[in-house]
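Have a look at the structure below, then the notes.
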Amino acid sequence: MGSHSGSANGEQRVPVTEVLRGLEVHPLEPGETALEAFVLIKLLDAQGDISWSYRTTNRLNREELLGALIVQADVLRKELRDEWDDSDD
């Protein structure tokens, strides 16, 4: 399983709907406005292999992005641990 960088070889940015054509995400809550995004993408590459890539909108603050990813990893780790603990009953 490979990985790709966040840039597409210096290509021009395109609307998210062009990159993620056919995919859907849950909507934001009423009153919320999207400012920036980091998207992790599981893809089928040109050789037919499953791979991973990521894309970002504009220039995200790297420290803020790292903090958000750490928090998300910790939340997921807790949820998985809680599921594991529940299955022991």
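Keep in mind that what you see is a predicted model, and the values were worked out from it rather than measured.
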Strictly below 4.0 Å, N to O, side chains only: are D82 and K78 in salt-bridge contact? yes

When you measure from the side chain of E18 to the backbone of P15, do you find a donor-acceptor pair of N or O atoms at a distance under 3.5 Å? no

With the 4.5 Å side-chain cut-off for hydrophobic clustering, are I70 and L40 part of the same group? no

Backbone N or O of I41 within a donor-acceptor pair of the S53 side chain at under 3.5 Å? no

Any non-hydrogen side-chain atom of L44 less than 4.5 Å from a side-chain atom of I50? yes

The residue among V75, D74, L80 that forms side chain to side chain contact (heavy atoms under 4.5 Å, CB included) with R77 is D74

Does the side chain of R13 reach to within under 4.5 Å of the side chain of T56, using non-hydrogen atoms? yes

Verify the cluster assignment for L23 and V39: are they in a single hydrophobic cluster under the rule of side-chain heavy atoms below 4.5 Å apart? yes

Going from OG on S51 to NZ on K42, what distance comes out if it is rounded to the nearest 0.5 angstrom? 11.0 Å

Identify whether F38 and L66 are in the same connected component of the hydrophobic contact network (ILVMFWY, side-chain heavy atoms under 4.5 Å). no

Separation between CG (L35) and CG (N58), nearest 0.5 Å, reads 10.5 Å

How far does CG of L43 sit from CH2 of W52, to the nearest 0.5 angstrom? 9.0 Å

Cluster check L76, L69: I/L/V/M/F/W/Y, side chain < 4.5 angstrom: no

Check for me, please, whether V25 and L20 land in the same ILVMFWY cluster - side-chain distances under 4.5 Å, paths through other members count. no

